[in-house]
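By convention in this document, chain letters (A, B, ...) are assigned in the order of the sequence lines, proteins followed by strands, and residues within each chain are numbered from 1. Quick note: numbers below take in every heavy atom, side chains included, and nothing from hydrogens, waters or symmetry partners.
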There are 2 protein chains.
Amino acid sequence: MPYTVKQMAEMSGVSVRTLHHYDEIGLLSPAGRSAAGYRKYSEEDVEKLQQILFFKELGFELGEIAKITGSPDFDRRSALADHKMVLLKKMDRIKAIIKTIDKTMESLERGNKMNKKEMFGAFDEKTIEEYRKEARARYGEKAVECERRTAKYAKDDWRAIQDEYAVIYRAIGDMMLKGADPASAAVQEQIGRHYSIINEKFYSCTPEIFRGLGELYVSDARFTAFYENIEKGLAEYMRRAMAVYCDDIEKKKA
Amino acid sequence: MPYTVKQMAEMSGVSVRTLHHYDEIGLLSPAGRSAAGYRKYSEEDVEKLQQILFFKELGFELGEIAKITGSPDFDRRSALADHKMVLLKKMDRIKAIIKTIDKTMESLERGNKMNKKEMFGAFDEKTIEEYRKEARARYGEKAVECERRTAKYAKDDWRAIQDEYAVIYRAIGDMMLKGADPASAAVQEQIGRHYSIINEKFYSCTPEIFRGLGELYVSDARFTAFYENIEKGLAEYMRRAMAVYCDDIEKKKA
DNA sequence: CATTGACTATGACGTTACGTTATAGTTTAT
DNA sequence: ATAAACTATAACGTAACGTCATAGTCAATG
């Protein structure tokens with residue numbers, strides 16, 4: 001029994017338009033058509049679509065995906081390895097950009113304290129010039145690592161952790177705004193990351209302690225202020241989510 | 001002396017087309033035109049272009065850049081902070097994808113060794129299904145399948161470490177209650193274990209970093225909460241003990 | 001002075017992966 | 001029979017330009 005476009009779309013979570021598009025570009029043409037010209041997808045088509053979506057979520061372009069899914073003897077491992085390299089480079093670039101942003105923000109703050117006119121002139125050109133030079137020379141550059149590196153390491157390290165937290169809190173805040181249940185999988189996953197980071201980077205944290213931490217979020221003014229600043233209602237939201245998380249861990253143990 | 005398009009382009013390393021484009025969309029219109037309609041860029045235009053390119057390299061969209069560079073009292077810091085969040089999320093996503101790629105490649109290799117038919121069928125569907133489930137959960141679109149993957153992560157390894165830590169903290173807490181000096185040998189021994197575990201299990205930790213960690217115990221509310229929860233005053237007590245520990249290490253080196 | 005080469009201007013289509021109408025025919029339930 | 005729900009093709013819109021195509025302009029040369 002073949003599937004209609006809508007059935008396919010709902011099964012796989014894409015839009016009908018997407019299926020039309022894939023048909024248009026020849027990425028996934030339905031096995032057949034009805035008398036009236038309606039697309040009829042077979043089981044095989046379903047499987048192929050799964051693969052297509054899999055690669056798509058890995059960030060491959062449709063053209064690449066066509067090659068990959070088009071021939072069974074295509075070298076998938078190489079394709080994956082290559083793609084991984086691309087992603088690693090992207091990450092690298094993003095990291096570099098984040099550093100620049102950090103520097104720029106610091107310089108902005110200094111600028112504000114030192115001179116209000118600087119604000120008016122936007123950024124101080126040194127920062128910009130410096131950065132652009134760096135960017136141009138990035139590939140021929142050898143980093144000169146000095147002894148200060150260690151000291152910097154601590155700072156950067158700490159900032160990285162803060163960044164990780166920032167992402168998590170922002171994500172949870174967004175889900176809260178969307179009306180997601182604190183017990184929902186998506187929220188719980190983020191809470192899980194929170195929990196993991198504490199364990200990895202800071203201290204050994206038991207569910208009991210974690211739950212207590214959640215309570216503190218609403219009972220301790222400092223915590224509350226911090227979370228409410230991110231999003232109103234987030235403190236209580238996190239407390240609930242963390243409680244659920246701990247409940248689940250304890251259930252599993254039992 | 002005004003600049004022509006080509007001069008501008010060569011100076012800043014962009015194409016003439018780009019300058020045309022920026023003019024078209026009103027991002028950067030030249031200060032004037034010649035009688036024949038040739039664009040004439042001023043020094044100010046050059047500066048503005050530098051700023052534009054700076055933000056472009058940070059990954060901002062032209063629309064955003066227009067806002068940023070268009071008004072001097074635009075909140076650049078917020079813009080940078082927001083952008084940083086976006087980048088952090090991107091990094092997060094890339095990390096997740098890389099993990100999936102790693103898993104997939106592993107599974108491909110296993111599949112190949114174990115079963116040639118698998119090769120023909122490309123990927124084993126479990127991997128794909130698994131991933132897609134996760135992805136759906138992550139974005140909160142559908143499925144409320146609660147998988148505590150993160151929680152699973154810890155497992156036995158974590159438990160062992162957690163237990164070790166629990167013992168140490170408890171021991172230090174007890175000694176504190178007995179009125180022992182943070183510099184006493186008994187306390188320092190426990191601190192040493194703390195230090196060693198961090199180095200062995202987590203990351204390379206210098207005295208400098210370790211000292212900073214101690215500071216955090218009293219300065220960061222989240223840490224403080226944890227230690228205060230074990231025993232009142234433990235946060236500050238540990239900070240002092242850790243400082244002493246670091247002093248000693250540094251003395252020995254010298 | 002006309003020609004040539006270098007430069008410039010304004011369109012306008014192509015790119016990626018669809019979203020979004022718009023128009024029109026088909027199937028199904030009532 | 002008619003409405004509701006579904007399907008098809010067509011075509012424009014998106015971001016930030018690249019890439020022609022067509023045509024006018026400027027400086028130097030023969």
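- In terms of position on DNA chain C, the residue among B:Arg39 and B:Lys6 whose nearest nucleotide sits closer to the 5' end is B:Lys6.
- Close placement of the A:His194 and A:Tyr169 rings is indicated, their centers lying within 6.0 Å of each other.
- Running 5' to 3' along DNA chain C, contacts with non-hydrogen atoms of chain A at under 4.0 Å begin and end at C:dA17 to C:dT27.
- A centroid separation of 6.0 Å or more is found between the aromatic rings of A:Tyr41 and A:Tyr3.
- Salt bridge A:Glu61/A:Lys67: absent, no basic N to carboxylate O contact under 4.0 Å.
- B:Ile25 has its CD1 atom 7 Å from the P atom of D:dA16, to the nearest Å.
- With rounding to whole Å, B:Leu53 atom CG is found 13 Å from D:dA16 atom C1'.
- Contact detail for B:Lys40 and B:Asp45: the closest heavy-atom pair is O-OD2, 4.2 Å.
- When the C1' atom of D:dT9 is taken as reference, atom CG of A:Leu19 falls 15 Å away, rounded to whole Å.
- Nearest heavy atom pair, residue B:Ile52 against residue B:Leu28, reads CD1-CB, 4.0 Å.
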Nucleotide N/O to protein N/O under 3.5 Å, stretch nucleotides 17-24 of chain D:
| residue | atom | partner | partner atom | Å |
| --- | --- | --- | --- | --- |
| D:dC17 | OP1 | B:Lys56 | NZ | 3.3 |
| D:dC17 | OP2 | B:Tyr22 | OH | 2.8 |
| D:dG18 | OP2 | B:Ser15 | OG | 2.6 |
| D:dG18 | N7 | B:Arg17 | NE | 3.3 |
| D:dG18 | O6 | B:Arg17 | NH2 | 3.2 |
| D:dT19 | O4 | B:Arg17 | NE | 3.0 |
| D:dG24 | N2 | B:Tyr38 | OH | 2.9 |

Determine, stepwise, if the pair A:Asp174 / B:Lys89 fulfils salt bridge (Lys or Arg N to Asp or Glu O under 4.0 Å). CA-CA 12 Å; A:Asp174 287 344; B:Lys89 279 187 187 171; 3.1 Å; yes

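- A:Ala183 approaches A:Val244 most closely through the heavy-atom pair CB-CG1, 3.9 Å.
- The distance between atom OH of A:Tyr3 and atom P of D:dT7, rounded to the nearest whole Å, is 15 Å.
- Heavy atoms of B:Thr4 sit under 4.0 angstrom from primed sugar atoms or phosphate atoms, though from no base atom.
- Using modelled atom types, one finds no donor on one side chain facing an acceptor on the other under 3.5 Å when comparing A:Asp181 with A:Ser184.
- Residues B:Phe60 and B:Ala35 each lie close to DNA chain D; by heavy-atom proximity, the contact nearer the 5' end of the strand is made by B:Phe60.
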